[in-house]
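Report on the structure given below.
As the structure is a prediction and not an experimental result, all values here were calculated from the model.
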Amino acid sequence: AQTNETVYKRTLDFRVGHRFGNMGKYTDGKSAAHTLYGLDASTDIRIAFEYGITNDLTVGFSRSKMKENLEGLVKYRILKQTTNNKMPVAVTFFGNAAFTPQKDNAGIFDKTTRRFNYIAQLIIARKFNSWISLEVLPTFNHRNYVFDKLDENDIFALGGAARVRITRSTCFVADYFYNFSP
C-alpha cells in the first residue's frame with residue numbers, strides 16, 4: 001500500500017526494493033544456507049527515483065527486474081489532516097503507469113499499447129496519535145492486455161493499512177486489499 005506521504009520540495013528520494021526468494025528450501029539446486037536464506041535469490045528488484053516538485057506533489061520513475069517494467073508515478077496531496085480536527089483526514093492521489101519493454105517471442109505484445117498498465121489510488125489516511133495511523137485505499141487497476149481470457153482488464157480493489165508504533169524506531173505495518181473482481 002502507498003502512504004499519504006509525499007517527498008519534500010526539491011528532494012530526490014532514491015529507493016531500492018528487493019523481494020527475496022525462498023527462505024527455507026532449495027532454490028536453483030542450492031540449499032537455503034547457500035542463498036543466504038533467500039537474500040541471494042531475489043525474485044524482483046525495483047530501483048526508483050522520486051522527486052518533490054512541491055511539498056504536496058511528487059513525481060517518480062522506476063525500473064523493476066520483473067517484466068523489466070519502466071514506471072512513471074505521480075502523488076499529489078489533496079487535503080492535509082489538521083491537529084485541531086477541522087480536517088480529520090489526509091487525502092492523497094497516487095497514479096502509476098507501467099510499460100514493459102520485455103522481449104516478446106510469443107507475439108503477445110504485437111501492439112505497443114498492450115504493454116501498458118495503470119493504477120489510480122485515493123489514499124485516505126488518519127493519524128490518531130503518534131502511535132497509530134490507518135488508511136483506506138480505493139484502487140483502480142487497468143491492464144491493457146491480460147493473458148487469461150477469464151481475467152479482467154479492469155480491477156477494483158479496496159485496501160486497508162495500519163501502522164502501530166512500538167518504539168521510536170520500530171513500527172508494525174500491515175495492509176490488505178480486497179479485490180472486487182470475480
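Between Asp44 and Lys65, the shortest heavy-atom contact is OD1-N, 3.2 Å. Of all heavy-atom pairs between Phe177 and Gly159, the closest is CD2-CA, 3.4 Å. Of all heavy-atom pairs spanning Arg165 and Arg168, the tightest one is NH2-CA, 3.5 Å.
Qualifying side-chain hydrogen bond (donor to acceptor under 3.5 Å, both in side chains) partners for Asn141, counting only residues two or more places apart in sequence or in other chains: none. Qualifying ring pair (Phe, Tyr, Trp, His ring centres under 6.0 Å) partners for Phe140, counting only residues two or more places apart in sequence or in other chains: Phe156. By the side-chain hydrogen bond (donor to acceptor under 3.5 Å, both in side chains) test, Thr112 pairs with no residue at all, sequence neighbours left out. Under the ring pair (Phe, Tyr, Trp, His ring centres under 6.0 Å) criterion, Phe180 pairs with Tyr178, not counting sequence neighbours. Under the rule for a ring pair (Phe, Tyr, Trp, His ring centres under 6.0 Å), the partners of Tyr145 that lie at least two apart in sequence or sit in another chain are Phe147. By the side-chain hydrogen bond (donor to acceptor under 3.5 Å, both in side chains) test, Glu5 is found to be paired with no residue, residues two or more places apart in sequence or in another chain being considered. Under the rule for a side-chain hydrogen bond (donor to acceptor under 3.5 Å, both in side chains), the partners of Gln121 that lie at least two apart in sequence or sit in another chain are Thr139. Every salt bridge (charged side-chain N to carboxylate O under 4.0 Å, His left out) that Lys80 has, sequence neighbours left out, goes to Asp56.
Gln2 is not listed as a side-chain neighbour of Ile119, based on a closest heavy-atom distance of 4.5 Å or more. In this structure the side chain of His142 reaches within 4.5 angstrom of the side chain of Asp154, judged on heavy atoms. Side-chain contact between Leu70 and Pro101 is present, with at least one heavy-atom pair separated by less than 4.5 Å.
Under the 3.5 Å distance criterion, with hydrogens and angles disregarded, a donor-acceptor pair is assigned to the side chains of Ser181 and Glu152.
Of the options Asn117, Asn153, Asp151, a side chain to side chain donor-acceptor pair (under 3.5 Å) to Arg143 is made by Asp151 and by none of the others.
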For residues 124-138, run the donor-acceptor check on the side chains, cut-off 3.5 Å, and write out each pair with its distance to 0.1 Å, sequence neighbours left out.
{"from": "Arg126", "atom 1": "NH1", "to": "Asn85", "atom 2": "OD1", "distance (Å)": "2.9"}
{"from": "Arg126", "atom 1": "NH1", "to": "Pro88", "atom 2": "O", "distance (Å)": "2.7"}
{"from": "Asn129", "atom 1": "OD1", "to": "Trp131", "atom 2": "N", "distance (Å)": "2.7"}
{"from": "Asn129", "atom 1": "OD1", "to": "Ile132", "atom 2": "N", "distance (Å)": "2.9"}
{"from": "Glu135", "atom 1": "OE2", "to": "Asn4", "atom 2": "N", "distance (Å)": "3.3"}

Can you give me every donor-acceptor pair (side chain of residues 10-17, partner residue at least two apart or in another chain, under 3.5 Å) with its distance?
{"from": "Thr11", "atom 1": "OG1", "to": "Tyr8", "atom 2": "O", "distance (Å)": "3.2"}
{"from": "Thr11", "atom 1": "OG1", "to": "Lys9", "atom 2": "O", "distance (Å)": "3.4"}
{"from": "Asp13", "atom 1": "OD2", "to": "Arg15", "atom 2": "NE", "distance (Å)": "2.4"}
{"from": "Asp13", "atom 1": "OD2", "to": "Arg15", "atom 2": "NH2", "distance (Å)": "2.8"}

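Sequence neighbours left out, the pairs with a member in residues 61-104 that pass ring-ring contact (aromatic ring centres under 6.0 Å, His included) are Phe99-Phe116.
Using a 4.5 Å cut-off between side-chain heavy atoms of Ile, Leu, Val, Met, Phe, Trp and Tyr, with links allowed through other members, Phe49 and Val7 fall into different hydrophobic clusters. Put simply, Leu57 and Ile78 are part of the same group of oily side chains (I, L, V, M, F, W, Y) that touch within less than 4.5 Å, one to the next.
Between Glu71 and Arg46 there is a salt bridge, with a side-chain nitrogen of the basic residue lying less than 4.0 Å from a carboxylate oxygen of the acidic one.
Between the Thr6 side chain and the Thr58 main chain, no donor and acceptor come within less than 3.5 Å of each other. Under a 3.5 Å cut-off, the side chain of Ser64 and the backbone N or O of Glu68 do not form any donor-acceptor pair. Lys75 places a side-chain N or O within 3.5 Å of a backbone atom of Thr3 that can act as its donor or acceptor partner. Distance alone, capped at 3.5 Å, places no donor-acceptor pair between the Asp175 side chain and the Gly160 backbone. When atom types are taken as modelled, the side chain of Thr100 and the backbone of Arg115 share no donor-acceptor pair closer than 3.5 angstrom.
In this structure, CD on Gln81 lies 10.0 Å from CE on Met87, to the nearest 0.5 angstrom. Within the model, atoms CZ of Arg163 and CD1 of Ile166 stand 10.5 Å from one another, a figure rounded to the nearest 0.5 Å.
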Practice item. Evaluate the side-chain contact (heavy atoms from CB on, under 4.5 Å) criterion for residues Ser62 and Leu73: first the C-alpha distance (whole Å), next the side-chain angles of each, then the deciding distance (0.1 Å), finally the verdict. Key: CA-CA 8 Å; Ser62 69; Leu73 69 86; 5.7 Å; no

Practice item. In sequence, state the C-alpha distance, the side-chain angles, and the governing distance for Ile123 and Val91, and then conclude on side-chain contact (heavy atoms from CB on, under 4.5 Å). Key: CA-CA 6 Å; Ile123 304 161; Val91 179; over 6 Å; no

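When hydrophobic residues (I, L, V, M, F, W, Y) are linked wherever their side-chain heavy atoms come within less than 4.5 Å, Val173 remains an isolated member.
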